[in-house]
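Every value quoted in this text rests on a predicted model; they were computed, and no experiment measured them.
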Amino acid sequence: MNSTSNKPVITSYAQAPAKTITAGGVTYAYRELGPKGGIPVVFFVHLAATLDNWDPRIIDPIAEHRHVITFDQRGVGASSGTVPSTLEAAADDAYAFITALGYDTIDVFSFSMGGMIAQDLVIKHPNLVRRLILTGTGPRGGKDMDKVARTTYGDIVRATLTRSDPKEFLFFNRDASGKRAGKAFIRRLSERTVDRDAAIGTKAFQTQLKAIQRFGRSAPSDLSRITQPTLIANGDNDRMVPSVLSEDLHRRIAGSELVIYPNSGHGGIFQHHEQFAPTAVEFLTR
């Protein structure tokens, strides 16, 4: 039970209430679950994703121990406004959302594009973040980061031809185990049956892709400025954000921890959720 309420604590993402808050003229859609009080864990989601794209097998174990907050970026899903043209601006939006909720210290869990936004947030507001998890992501100016658009559009075509979800191609290897993991992941994303989020629009998606390309072609950030305890994770065959970029992050962020899962791609943490979720919980509860 929550120490400040007689209501039972919700630890299932499928049951997390849909909420909104307005900051800087933008109404942000978000969900929260887990025990209130203390430092929340704010989740930064991937390209084209909405609130419904988080794997409950990652969210739920963390929410058993921590207050979890997920949110739609500006112009995405149920949030108002238009998608910003740079990831730096997306980080500014995230800061506005977090501070509007009244928090001055958070932990961050990020995946893919969310990890790029999280890096910009930490560098600009170092006192805001206590602990940082970066998964399936890479640094500003990372090698081949700007090729994500070509990979994404190619896999969208492949998925369309096979009547599959593009994430089955983008996130998972196309061997037997990868195909099984991809289909299981897509099924888990449908566990929530009420208050589903709106899908991202085509223009918003294209704007995000261009922002990632710009991030990939920009001068590198000084990641030595990230001094927070940092956990980095990925699969060993990430085609969207090459796995070597996770190793690059690990080298450049002093004291960071790196976990690479075998025989898995961009969605390695989802394919290996039984191993990764406890690792994330342990890291966040230190």
Practice problem: Take I69 and H67 through the test side-chain contact (heavy atoms from CB on, under 4.5 Å) and record every step on the way to the result. | Solution: CA-CA 7 Å; I69 299 171; H67 179 196; 3.8 Å; yes
Quiz prompt | Centroid-centroid under 6.0 Å between H46 and F171 rings | solution = yes
Quiz item: Is the shortest heavy-atom distance from the side chain of R192 to the side chain of Y13 under 4.5 Å?
Solution: no
Quiz item: Honestly curious: do V157 and V148 fall in one hydrophobic cluster under the side-chain, below-4.5 Å linking rule?
Solution: no
Exercise. Say whether, by atom type as modelled, one donor and one acceptor occur between the side chain of T22 and the main chain of G25 under 3.5 angstrom.
Key: no
Quiz item: Shortest non-hydrogen contact from F205 to A48?
Solution: CD1-CB, 3.5 Å
Quiz prompt | Contacts of type side chain to side chain donor-acceptor pair (under 3.5 Å), residue T137, not counting sequence neighbours | solution = none
Practice problem: Measure the CD-CZ distance between E168 and F185 for me, rounded to the nearest 0.5 Å. | Solution: 10.0 Å
Self-check item: Results of side chain to side chain donor-acceptor pair (under 3.5 Å) for R158 - residues two or more places apart only
Solution: D155
Quiz prompt | Non-hydrogen side-chain atoms of F172 and Q271 separated by less than 4.5 Å | solution = yes
Practice problem: Locate the shortest heavy-atom distance separating T20 from A29; write the atom from each residue and the value. | Solution: CG2-CA, 4.2 Å
Exercise. May I ask you to test the L231-L134 pair for a side-chain heavy-atom distance under 4.5 Å?
Key: no
Quiz item: Is it true that a side-chain atom of R225 and a backbone atom of I123 form a donor plus acceptor pair closer than 3.5 Å?
Solution: yes
Exercise. Take K210 and S85 through the side-chain contact (heavy atoms from CB on, under 4.5 Å) test and state the conclusion after the steps.
Key: CA-CA 7 Å; K210 291 177 182 177; S85 60; over 6 Å; no
Practice problem: Answer with yes or no whether the hydrophobic clustering places L189 together with L170; edges join I, L, V, M, F, W, Y residues whose side-chain heavy atoms lie under 4.5 Å apart. | Solution: yes
Quiz item: Is there a donor-acceptor pair closer than 3.5 Å between any side-chain N or O of Q228 and the backbone N or O of R131?
Solution: no
Self-check item: Derivation of the side-chain contact (heavy atoms from CB on, under 4.5 Å) call for F283 and E257
Solution: CA-CA 10 Å; F283 176 80; E257 304 171 35; 4.0 Å; yes
Self-check item: Verdict with supporting geometry, T152 and M240, side-chain contact (heavy atoms from CB on, under 4.5 Å)
Solution: CA-CA 7 Å; T152 299; M240 288 196 74; 3.5 Å; yes
Quiz item: Does T50 use its side chain to pair, donor to acceptor, with the backbone of D52 at less than 3.5 Å?
Solution: yes
Quiz item: F270 pairs by ring pair (Phe, Tyr, Trp, His ring centres under 6.0 Å) with which of F276, Y261, F111?
Solution: F111
Quiz prompt | Cation-pi geometry met for R31 and F71 (6.0 Å, 45°) | solution = no
Quiz prompt | Given D175, N173, N263, the one that forms side-chain hydrogen bond (donor to acceptor under 3.5 Å, both in side chains) with N237 | solution = N173
Quiz item: Would you say Q119's side chain and G138's backbone share a donor-acceptor pair under 3.5 angstrom?
Solution: yes
Quiz prompt | F109, F44, W54 screened by side chain to side chain contact (heavy atoms under 4.5 Å, CB included) with T70, the one that passes | solution = W54
Quiz item: Centres of the Y30 and F97 rings: under 6.0 Å?
Solution: yes
Quiz prompt | For R130, all residues meeting side chain to side chain contact (heavy atoms under 4.5 Å, CB included), sequence neighbours excluded | solution = I39, R66, T105, D107
Quiz prompt | Neighbour count above 12 (heavy atom, 6.0 Å) for D104 CG | solution = no
Exercise. Kindly say whether N234 contributes a backbone atom to a donor-acceptor pair with the side chain of S246 at under 3.5 angstrom?
Key: no
Exercise. Search all heavy atoms of A23 against all heavy atoms of A100 and return the closest pair with its distance.
Key: CB-CB, 3.7 Å
Quiz item: Do R174 and F169 meet the cation-pi criteria used here (NZ or CZ under 6.0 Å from the six-membered ring centre, within 45° of the axis)?
Solution: yes
Quiz item: Within a reach of under 6.0 Å around CZ of R286, are more than 12 heavy atoms found that belong to other residues, nucleotides or ligands?
Solution: yes
Quiz item: Do L128 and L121 come close enough that some side-chain heavy atom pair is under 4.5 Å?
Solution: yes
Quiz item: Where the side chain of T160 meets the backbone of I156, is there a donor-acceptor pair that is under 3.5 Å apart?
Solution: yes
Exercise. For P84 and A89, work out which heavy atoms get closest and say how close.
Key: CB-CB, 3.6 Å
Self-check item: Distance-minimising heavy-atom pair for I58 and P61
Solution: O-CD, 3.4 Å
Practice problem: State whether the side chain of D238 and the backbone N or O of V241 hold a donor-acceptor pair below 3.5 Å, judged by distance alone. | Solution: yes
Quiz item: Is V281 reachable from V9 through a run of hydrophobic residues whose side-chain heavy atoms are each under 4.5 Å from the next?
Solution: no
Exercise. Output the distance between atom CD1 (I212) and atom CD1 (I117), rounded to the nearest 0.5 Å.
Key: 8.0 Å
Quiz prompt | Full working for salt bridge (Lys or Arg N to Asp or Glu O under 4.0 Å) between D165 and K167 | solution = CA-CA 5 Å; D165 189 296; K167 291 184 285 295; 3.2 Å; yes
Quiz item: So among R214, E88, R217, which one has a side chain to side chain contact (heavy atoms under 4.5 Å, CB included) with R140?
Solution: E88
Self-check item: Side-chain heavy-atom pair L223, L249 within 4.5 angstrom cut-off
Solution: yes
Quiz item: Atom CD1 in I59, atom NE2 in H273: separation rounded to 0.5 Å?
Solution: 14.0 Å
Quiz prompt | Short side-chain donor-acceptor distance under 3.5 Å, S256 and H250 | solution = yes
Quiz item: Can you tell me how far the CD atom of E191 sits from the OG atom of S12, to the nearest 0.5 Å?
Solution: 7.5 Å
Quiz item: Could you give the distance from CG (D72) to CG (D197), rounded to the nearest 0.5 Å?
Solution: 4.0 Å
Exercise. Check whether any side-chain N or O of R74 sits under 3.5 Å from a backbone N or O of T82 as a donor-acceptor pair, and report yes or no.
Key: yes
Quiz item: Where is the tightest heavy-atom contact between P220 and R252, given as atom of each residue plus distance?
Solution: CB-NH2, 3.7 Å
Self-check item: Donor-acceptor under 3.5 Å (D236 side chain, S264 main chain)
Solution: yes
Quiz item: Rounded to the nearest 0.5 Å, what separation is found between the OG1 atom of T135 and the CD1 atom of I232?
Solution: 10.5 Å
